[in-house]
J.: 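Let me give you the structure first, and then I'll get to my questions.
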Amino acid sequence: MCPRRALRTVKESVMQDHRKLGRELELFHSDPLVGAGLPIWLPRGAAARRAVEEYLLDLERRHGYQHVYSPPLAKAEMYYRSGHLPHYADDMFPPMVLGDDDAFVLRPSLCPHHAAVFAARGRSYRELPLRIGEIGGQYRAERSGVLGGLSRVRAISLNDGHVFCAEDQVEAEILAALRVMREAHAALGFQPASWRLSLRGEGPKYVDDPPMWARATAVLRGALEAAGVAYVEAEGEAAFYGPKIDIQLRDYAGRESTLATVQVDYFMPARFDLSYVDVDGSRRRPVMVHRSAAGSMERLFAHLIEVHDGAFPAWFAPVQVEVLPVGEASGRAFADECRAIGIRVRDSYSGSLAARIREASLRRVPFVAVLGANELASGSVSLRSRDGSVSSLPVASALALLSAACSSPQRPARR
Ligand SMILES: [Zn+2]
């Protein structure tokens with residue numbers, strides 16, 4: 001066994017159930033009155049999620065994505081057209097009928113809305129590849145027995161994206177999507193358990209067009225070979241419209257689930273009659289590459305909570321600095337200075353200093369700043385990091401250090 005594998009096995013064996021940690025760290029809450037599979041993100045969980053979402057949107061912008069907003073429901077007719085109602089209805093909430101108007105459905109995916117973005121006006125080959133991204137809601141009618149914490153939910157917030165491109169751009173776009181994914185996973189501090197090429201199975205669930213499946217599968221296989229990653233093939237795990245590359249995670253109990261994915265789709269562009277004007281003036285059908293770099297925010301955080309044991313990297317920790325003054329006056333100004341440069345800070349005044357340090361440690365806060373009479377007199381701060389190291393620094397140096405340590409990976413330090 002290689003050392004890296006041994007290390008990962010040890011880490012997995014001490015992973016805790018994210019539901020327990022999520023409760024203890026006040027990250028999210030499940031209320032029976034709201035319903036199973038509909039978790040509420042509490043302020044601490046929401047702060048961490050917001051930081052991750054902002055990072056992902058920045059990352060995608062750097063890789064040429066343009067972001068959109070689209071509503072989380074649409075006319076049922078759109079989902080007949082997309083193939084979801086014919087092939088995927090068992091996983092969808094039933095249509096809602098509004099008076100004499102059409103029936104509406106909570107969307108099972110964002111793909112048709114993004115197809116509508118492409119179709120919003122005429123397109124030229126010069127615009128391709130057109131990369132559209134959104135962190136948006138989609139819904140899955142899971143049975144209550146399979147729901148658990150954040151890992152399986154009914155309301156899903158997906159880091160989604162669709163690339164509309166020419167046939168000869170598909171492989172490069174898949175490879176580019178895999179690069180975005182790897183960059184995101186490294187920044188978030190985890191490695192996938194495995195890579196999977198998910199292929200069609202038998203039955204009416206899959207669109208019946210063997211040449212289309214063969215073409216899409218060959219493109220994905222070629223991209224996996226070009227990316228040089230080891231992967232397994234799994235029949236019966238494809239989307240109904242096409243095969244996909246799935247990035248698998250393993251949870252605290254050793255169960256596998258899919259986080260990120262890249263899919264090649266020749267089906268939906270035809271169903272929505274998408275086209276662009278090519279260099280010779282002819283109309284051509286784009287290919288749609290569906291991809292999610294970080295999956296749903298729910299499943300991503302289920303994994304992040306477990307893999308980090310709740311001790312998130314400082315850039316997305318809910319509280320980045322806990323300011324513990326000894327005496328009222330000494331801490332407020334420093335906490336305010338931290339806030340002013342965008343650091344998520346909490347100042348705590350009640351209880352003994354030892355109890356407050358212990359509390360911050362239980363909350364996995366990355367930095368604790370202690371300000372007592374000595375610090376006040378010398379204009380310094382005693383800074384403790386989560387690894388146990390302690391240093392006494394002038395206030396300006398402490399702010400610069402914290403700013404750099406708490407910034408998102410690709411962003412310059414705030415000061
Ligand atoms: Zn899609």
Side-chain angles (χ1 to χ4, degrees), residues 56-57 60 63-74 78-89 91-92 105-120 128-140 155-165 169-170 173-174 176-178 180-181 184 196-200 205-207 209 212-213 215-217 219-220 223 237-247 258-274 285-300:
L56 289 170
L57 295 173
E60 290 176 347
H63 287 271
Y65 282 79
Q66 302 175 74
H67 293 107
V68 296
Y69 292 102
S70 58
L73 76 170
M78 182 155 93
Y79 289 98
Y80 279 111
R81 182 87 72 90
S82 70
H84 283 88
L85 277 168
H87 293 279
Y88 193 72
D91 292 303
M92 293 169 64
V105 293
L106 285 172
R107 66 179 168 193
S109 81
L110 282 70
C111 328
H113 280 104
H114 288 188
V117 171
F118 184 89
L128 307 187
L130 183 71
R131 305 183 185 99
I132 300 298
E134 180 174 3
I135 297 175
Q138 64 181 43
Y139 300 86
R140 190 167 173 152
I156 298 160
S157 314
L158 191 67
N159 159 236
D160 208 0
H162 295 89
V163 183
F164 300 87
C165 61
Q169 296 171 328
V170 175
E173 285 306 309
I174 297 168
L178 296 179
V180 173
M181 227 176 244
R196 186 174 81 183
L197 177 58
S198 296
L199 306 169
R200 70 171 294 185
K205 184 179 152 194
Y206 300 100
V207 170
D209 185 346
M212 180 192 83
W213 283 90
R215 199 164 139 212
T217 304
V219 175
L220 287 178
E237 298 288 348
F240 71 81
Y241 48 80
K244 54 194 179 110
I245 296 171
D246 286 329
I247 282 70
T258 300
L259 182 76
T261 178
V262 186
Q263 309 166 7
V264 176
D265 177 12
Y266 296 99
F267 174 74
M268 266 188 232
R271 296 286 291 185
F272 288 103
D273 195 23
L274 303 182
R285 182 96 55 223
V287 184
M288 213 167 153
V289 175
H290 308 240
R291 52 99 275 178
S292 176
S296 73
M297 291 303 109
E298 290 78 16
R299 189 167 281 176
L300 174 65

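Residue numbers count from 1 along this sequence. Each ligand, and each atom within it, is numbered from 1 in the order the structure gives.
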J.: Considering only NZ, NE, NH1 and NH2 on the basic side and carboxylate oxygens on the acidic side, decide whether R291 and D160 come within less than 4.0 Å.
T.: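 Between D160 and R291 there is no salt bridge, as every charged N stays at least 4.0 Å from the carboxylate O atoms.
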J.: Nearest to the Zn ion (ligand 1), which N, O or S atom of H162 do we find?
T.: NE2
J.: Between E173 and R131, does any NZ, NE, NH1 or NH2 come within less than 4.0 Å of an OD or OE carboxylate oxygen?
T.: yes
J.: What's the atom name of the N, O or S in H290 nearest to the Zn ion (ligand 1)?
T.: ND1
J.: Measure from NZ or CZ of R107 to the centre of the six-membered ring of Y79 and say whether it is under 6.0 Å with the direction within 45° of the ring axis.
T.: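 Not flagged: R107 not positioned over aromatic ring of Y79.
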J.: Indicate if the distance from the Zn ion (ligand 1) to the nearest N, O or S atom of H114 falls below 2.8 Å.
T.: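 So H114 does not count as coordinating the Zn ion (ligand 1).
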J.: For residues P71 and H113, report the shortest heavy-atom separation together with the two atoms involved.
T.: O-CE1, 3.2 Å
